[in-house]
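Down below is the structure, laid out as structure tokens.
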2 protein chains.
Amino acid sequence: MTNTDRDRVSAAPSSPEPGALRPTRQRTAVTEALGTVADFRSAQEIHDLIAGHGEKVGLATVYRTLAALADAGVVDVLRTEEGEAVYRRCATTRHHHHLVCRTCGATEEIEGPAVEDWAGAIGRTFGYADISHELELFGTCPKCAGAP
Amino acid sequence: MTNTDRDRVSAAPSSPEPGALRPTRQRTAVTEALGTVADFRSAQEIHDLIAGHGEKVGLATVYRTLAALADAGVVDVLRTEEGEAVYRRCATTRHHHHLVCRTCGATEEIEGPAVEDWAGAIGRTFGYADISHELELFGTCPKCAGAP
DNA sequence: ACACGAGTGAGAATGGTTTTCAAAAGCAGG
DNA sequence: CCTGCTTTTGAAAACCATTCTCACTCGTGT
Ligand SMILES: [Zn+2]
Ligand SMILES: [Zn+2]
Ligand SMILES: [Zn+2]
Ligand SMILES: [Zn+2]
């Protein structure tokens with residue numbers, strides 16, 4: 001993510017930078033909805049969460065807001081096996097990965113310096129530059145393993 | 001992938017197992033098209049490849065065939081950032097990952113025992129069972145780095 | 001209060017993928 | 001070769017998540 005991206009969202013309300021995002025009822029609703037859940041949710045689910053909470057925000061706006069947040073690195077995005085995008089606000093904004101329960105969706109945030117190094121080494125080996133990577137782990141969490 | 005899955009596709013033409021896939025002109029066309037390219041291609045691109053080769057196969061059939069091949073583990077599938085599914089027939093059918101050039105799509109098949117072990121260890125650490133993972137590397141290949 | 005660019009939402013448009021279903025093609029067995 | 005039965009195919013329609021349109025509303029600095 002770029003610094004400009006980050007500034008677009010975290011800019012203080014006092015800075016009149018052109019292109020800064022305005023704090024609106026809708027954007028607050030999306031952010032709060034994200035705060036009430038621990039696992040990855042689709043845009044539509046977020047939309048439903050907000051509706052169930054009494055507020056009304058257009059679906060298009062939910063999509064737009066999530067895109068902006070993802071752009072800013074505030075939320076993580078990944079794709080379900082069916083190709084649907086799901087979002088989650090993680091505790092850290094640092095680079096990390098996830099261990100997701102296939103059954104209940106419970107999610108752990110993972111940091112793995114070993115893998116980061118490995119990725120870089122592989123890139124070097126093949127002569128590739130600007131290596132980035134995408135990595136997610138899946139499994140059955142202890143809770144779900146207990147009740148088969 | 002399950003053994004039943006594999007049998008559905010690789011079954012010898014002599015075995016009259018119920019549910020076995022029949023060898024047809026269309027399926028051959030898809031398989032051959034996959035053989036003529038080295039990088040990941042979308043279903044529509046495969047469809048175009050076949051058309052450009054003179055043959056005519058319905059788009060729906062291309063989708064169905066690719067799904068079957070993926071199911072059987074014969075082709076690898078991944079999703080572009082836009083959510084489109086892209087397919088590739090890799091040299092090995094063993095578990096592996098990919099290093100893909102962001103510019104030209106050139107693809108290297110990667111095997112990383114270190115990562116496999118790391119993934120298992122992480123799973124154990126968090127008490128998760130049946131750990132699986134998804135991992136792709138992206139970068140700029142030497143050829144593309146040469147001509148910016 | 002005013003002006004104006006940013007933000008919103010209902011609905012239409014997109015675009016990849018799946019489903020439908022009737023016609024065509026494999027595969028014995030006779 | 002016929003015959004009956006199952007699988008496969010494909011054109012078009014249905015699906016569905018996501019994006020776009022555009023008239024209207026809101027937030028902000030003056
Ligand atoms: Zn779980
Ligand atoms: Zn990483
Ligand atoms: Zn390249
Ligand atoms: Zn692996």
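Small disclaimer: the values here were computed from a predicted structure and weren't measured. Both backbone and side-chain heavy atoms feed into the values below; hydrogens, waters and symmetry mates do not. Within every chain, numbering begins at 1; the chains are lettered A, B, ... in the order of the sequence lines, protein sequences first and strands thereafter.
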Exercise for review: Would you classify B:R64 as touching base, sugar-phosphate or nothing, given that sugar-phosphate means primed atoms plus P, OP1 and OP2, and contacts are heavy atoms under 4.0 Å?
Suggested key: base
Practice item. Take atom CZ of B:R79 and atom C1' of D:dT18, then tell me their distance rounded to the nearest Å. Key: 14 Å
Check your understanding: When you check the phosphate oxygens OP1 and OP2 of C:dG9, does a side-chain N or O of A:Q26 lie under 4.0 Å from one of them?
Key -> yes
Revision key, fill the gap. Between B:E84 and A:T65, the residue closer to the 5' end of DNA chain C by nearest nucleotide is A:T65
Point to revise | N or O in side chain of A:Y63 less than 4.0 angstrom from D:dT19 OP1/OP2 | key: no
Review point. With a 4.0 Å cut-off on heavy atoms, is A:R27 in touch with a base, just the backbone sugar-phosphate, or nothing at all?
Key: sugar-phosphate
Review point. To the nearest Å, how far apart are B:E82 CD and C:dT14 P?
Key: 18 Å
Review point. Just how far, in rounded Å, is P of C:dG7 from CZ of A:R22?
Key: 6 Å
Check your understanding: Quick one: does A:R41's side chain have a donor or acceptor within less than 3.5 Å of a partner on A:E45's backbone?
Key -> no
Revision key, fill the gap. Atom CG of A:L69 and atom P of C:dG7 are separated, to the nearest Å, by 13 Å
Check your understanding: For DNA chain D, whose closest nucleotide is more 5', that of A:A85 or that of A:R25?
Key -> A:A85
Check your understanding: What is the distance, rounded to the nearest whole Å, between atom CZ of A:R41 and atom P of D:dA17?
Key -> 16 Å
**Study point:** Backbone N/O of B:A33 and side chain of B:R89: donor-acceptor pair under 3.5 Å
**Key:** no
Study note, to complete from the structure: Rounded to whole Å, CD1 of A:I46 lies from P of D:dA17 at a distance of 15 Å
Exercise for review: Compare all side-chain heavy atoms of A:L34 with those of A:V75 and state whether any distance is below 4.5 angstrom.
Suggested key: yes
Review point. Is the count of non-hydrogen atoms from other residues, nucleotides or ligands lying under 6.0 Å from A:E136 atom CD greater than 12?
Key: yes
Review point. OP1 or OP2 of C:dG9 sitting under 4.0 Å from any side-chain N/O of A:T61?
Key: yes
Review point. A:Q44 has an atom CD; how far is it from atom P of C:dG9, in whole Å?
Key: 15 Å
Check your understanding: Is there a path of hydrophobic side-chain contacts, each under 4.5 Å between heavy atoms of I, L, V, M, F, W or Y residues, that connects B:V115 with A:Y128?
Key -> yes
Review point. Can you tell me if the side-chain N/O atoms of A:T24 get under 4.0 Å from OP1 or OP2 in C:dT8?
Key: yes
Check your understanding: Can you tell me how far C1' of C:dT8 sits from CG of A:L21, to the nearest Å?
Key -> 14 Å
